[in-house]
Amino acid sequence: MIFRAVEDPDLIGRARRGDVEAYNLLISRWEKRVYNYLLRITGEREEALDLSQEVFLKAYQHLRKLEDPARFAPWLFRIAHNEAFSSFRKRKVESDVLAVTEAGGEEIGVERPHAFPIELSIAVTTALTRLTEEQRETVVLKIYQGFKFEEIAEILSCPVSTVKSRLYAGLDALKAQLAPLKTRGVS
Amino acid sequence: MSCSPFDLRDYILGELAADERRQVDRHLRACHGCHDDVERLRTTHATLLALRDEEIPQRIGFVSDKVFEPSGWRRVWQAFWGSSARLGFASAAMLSIALVAFTFYRPAAAPATSDVTTAARVEAAVAERVAAAVDKAVAKTEARQARKTADLMAAAEQQRQADMQNVAERFSVLEKRYNVERLLMARNDFRGEK
C-alpha cells in the first residue's frame, strides 16, 4: 500500500467538483496563516476573523478561476489583500464621516485594541502600526508569511522593485524603533 | 549610508547568493559601521519574530448542503463555460458554423404577391374574430351590470319600506305616551282645584 499526502492541488480539484469537506480541509491548512496576516495588518481580532471568513468564502466561489492550483497561496493572499484594503477604504470613509459630524471638528483618533498582551508584543505591534499600510503589509508578507519577492509582487499587483522599496523603508523604520528598544533590555 | 557591496537588508533576509554572502561577511569584519548596522537589523528581525502567530478564535468551515450543491450536469456545464478561452473558442466556432450553414442552405425567396394576399386575408380574419369576441364580452358585461343594478334597487326599496314602517310604529308609541301624560296632568290639575 502506498501512502501519499493529500496535496493542496488535490483538495482544490475535489473542491471544484463540489466536495465541501475537501475545501474544509484546505481551509484548516490555511486559516491560521490568513488570520494572522489579516490580524497584523488590521490590528483587530474581530475584523481579522470576519475578513478571514470572507476570504475563504470568496475563494470558494472563485476557485474555478484559479488557473494554476500550485499557485494557491499567492492567489489566496491576493484575495485577503483585496478584502483587507476594501475594509480599510470603508473604515476610512466611516472615520471621515464621523470626523465631519463631530462637534468642534476635533481630530478623531481610532483606538485599536492591542492584539498581543505582553510588553514586547505591544512594542512590535505599535511599531508595525506606525508604518504605512503598504509598508506594513509588505513586512508581514515577507517576515511573517515568508513569501518570495515575486510572490509578494503577485499578491500586491505591483513590480518587485516596489515591493523591495516598501520592505526596505518599512525595515528601516522598524529598526529605528525596535533596535534601540531591544538593546535597552526590553524583552 | 552603507558601504557594503550588497544590501544589508537582503543579507539579513537571506536573499543573497552564497558568494554574495561571503563578500558581505568579509566586508563586515573590516567595517564597524556596517557591522553595527547588521547587528541592529538582526535585532529588529529577531524582535519582529518574537510576535508569535495566534490561534484563530473560531474555526472556519462550510456546511455541505445538497440544496446549494450544483448538480452533475451543472458542474459539467460550469466546467465548460467557466473558462474564458473555451467560451471564446465555442463562440467563434458557433459563429463559423452559422455562417457556413447560411451560405449553403439559404432558402429561396418566395413570390411576393401570394405572401401579400395571404397576409391580408389572415389579417381580416383575425380582425373579424377579435371584433366578435369584443362584442360578446361587452354584451355579457352589460347584462351582468344591469342585473346587479336591479338587485340593488330592489334591496334599497325593501329597506326603505321597512324603515317607514318602523318610524310609523315608533311614532304611534310616542303619541300614546303623550296622551297618557296629558291625561295624568289634567287629573292632577283637577285634584288641585278641588
Side-chain angles (χ1 to χ4, degrees), chain A residues 15-21 23-25 27-28 30-37 39-40 45-46 48-49 52-53 55-57 60 63-65 67 115-116 118 120-121 123-125 127-128 139-140 142-144 148-149 164 167-168 171-172 174-183 186-187, chain B residues 1-2 4 6-17 33-87:
Chain A
R16 278 174 164 171
R17 292 191 293 274
D19 185 346
V20 177
E21 286 315 311
Y23 190 63
N24 282 337
L25 183 55
I27 292 174
S28 69
W30 287 95
E31 63 184 359
K32 190 175 173 183
R33 280 186 67 180
V34 170
Y35 169 74
N36 277 280
Y37 159 71
L39 178 61
R40 281 175 189 148
R45 284 194 183 92
E46 201 176 330
L49 183 61
S52 301
Q53 287 168 343
V55 167
F56 284 106
L57 180 62
Y60 186 67
L63 209 52
R64 286 176 197 288
K65 292 181 184 167
E67 300 277 341
F116 305 92
I118 59 173
L120 183 61
S121 299
V124 173
T125 310
L128 284 170
V139 167
V140 169
K142 185 68 190 166
I143 306 286
Y144 295 105
K148 294 173 187 159
F149 285 131
K164 284 187 175 178
L167 179 67
Y168 293 161
L171 279 177
D172 288 344
L174 288 168
K175 185 177 70 177
Q177 292 177 68
L178 296 176
L181 197 73
K182 182 81 177 177
T183 51
V186 177
S187 59
Chain B
M1 192 69 189
S2 169
S4 167
F6 295 99
D7 197 303
L8 294 176
R9 291 161 295 197
D10 282 343
Y11 175 79
I12 290 297
L13 293 170
E15 293 286 336
L16 296 181
C34 287
H35 183 268
D36 288 349
D37 201 21
V38 162
E39 283 306 308
R40 287 182 68 206
L41 280 168
R42 269 208 189 102
T43 305
T44 306
H45 194 235
T47 310
L48 286 171
L49 290 177
L51 202 61
R52 296 284 173 200
D53 273 357
E54 281 197 7
E55 285 301 325
I56 190 163
Q58 187 185 319
R59 302 299 300 272
I60 300 169
F62 293 93
V63 179
S64 173
D65 193 330
K66 294 287 174 199
V67 174
F68 298 109
E69 280 179 16
S71 64
W73 162 245
R74 196 171 171 77
R75 280 201 296 272
V76 171
W77 180 258
Q78 284 175 349
F80 181 75
W81 292 107
S83 157
S84 55
R86 261 174 283 179
L87 184 66

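The chains referred to below are lettered A, B, ... by the order of the sequence lines, with proteins before strands, and numbering in each begins at 1.
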- Item | Part of B:Glu55 lying under 4.5 Å from any heavy atom of chain A | both
Is it the backbone or the side chain of [X] that comes under 4.5 Å from a heavy atom of chain B, or both, or neither?
| X | value |
| --- | --- |
| A:Leu25 | neither |
| A:Phe56 | both |
| A:Ile27 | side chain |
| A:Asp172 | side chain |

- Measure the acute angle between the ring planes of B:Phe62 and A:Tyr60, then classify it against the limits of 30° and 60° as parallel, tilted or perpendicular. parallel
[X] [atom1] to [Y] [atom2] distance, which is reported to the nearest 0.5 Å:
| X | Y | atom1 | atom2 | result |
| --- | --- | --- | --- | --- |
| B:Asp7 | A:Leu171 | CG | CG | 9.5 Å |
| B:Ile60 | A:Trp30 | CD1 | CH2 | 14.0 Å |
| A:Leu178 | B:Leu41 | CG | CG | 11.5 Å |

For [X] and [Y], which heavy atoms make the closest approach, and how far apart are they?
| X | Y | result |
| --- | --- | --- |
| A:Val124 | B:Thr47 | CG2-O, 3.4 Å |
| B:Gln58 | A:Leu49 | O-CD1, 3.7 Å |
| A:Ser28 | B:Arg59 | CB-NH2, 3.3 Å |
| A:Ala179 | B:Thr44 | CB-OG1, 3.9 Å |

- Task: Report the option among A:Glu31, A:Lys142, A:Lys32 that has the most heavy-atom pairs separated by less than 4.5 Å from atoms of chain B.
- Result: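 The residue among A:Glu31, A:Lys142, A:Lys32 with the greatest pair count is A:Glu31.
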- Please test A:Arg40 against B:Leu51 for side chain to side chain contact (heavy atoms under 4.5 Å, CB included), starting from the C-alpha separation and ending with a verdict. CA-CA 10 Å; A:Arg40 281 175 189 148; B:Leu51 202 61; 3.7 Å; yes
- Item | Residue pair B:Val63 / A:Val20, side-chain heavy-atom distance below 4.5 Å | no
- Note, B:Asp10 side chain near A:Phe149 side chain (heavy atom, < 4.5 Å):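 Counting from C-beta outward, B:Asp10 and A:Phe149 do come under 4.5 Å.
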- Message: Using only atom types and a distance under 3.5 Å, with no angle test, would you say the side chain of A:Tyr144 pairs donor to acceptor with the backbone of B:Asp53?
- Response: no
- Give the C-alpha distance, both sets of side-chain angles, the deciding distance and a yes or no for side chain to side chain contact (heavy atoms under 4.5 Å, CB included) between B:Ile56 and A:Asn36. CA-CA 8 Å; B:Ile56 190 163; A:Asn36 277 280; over 6 Å; no
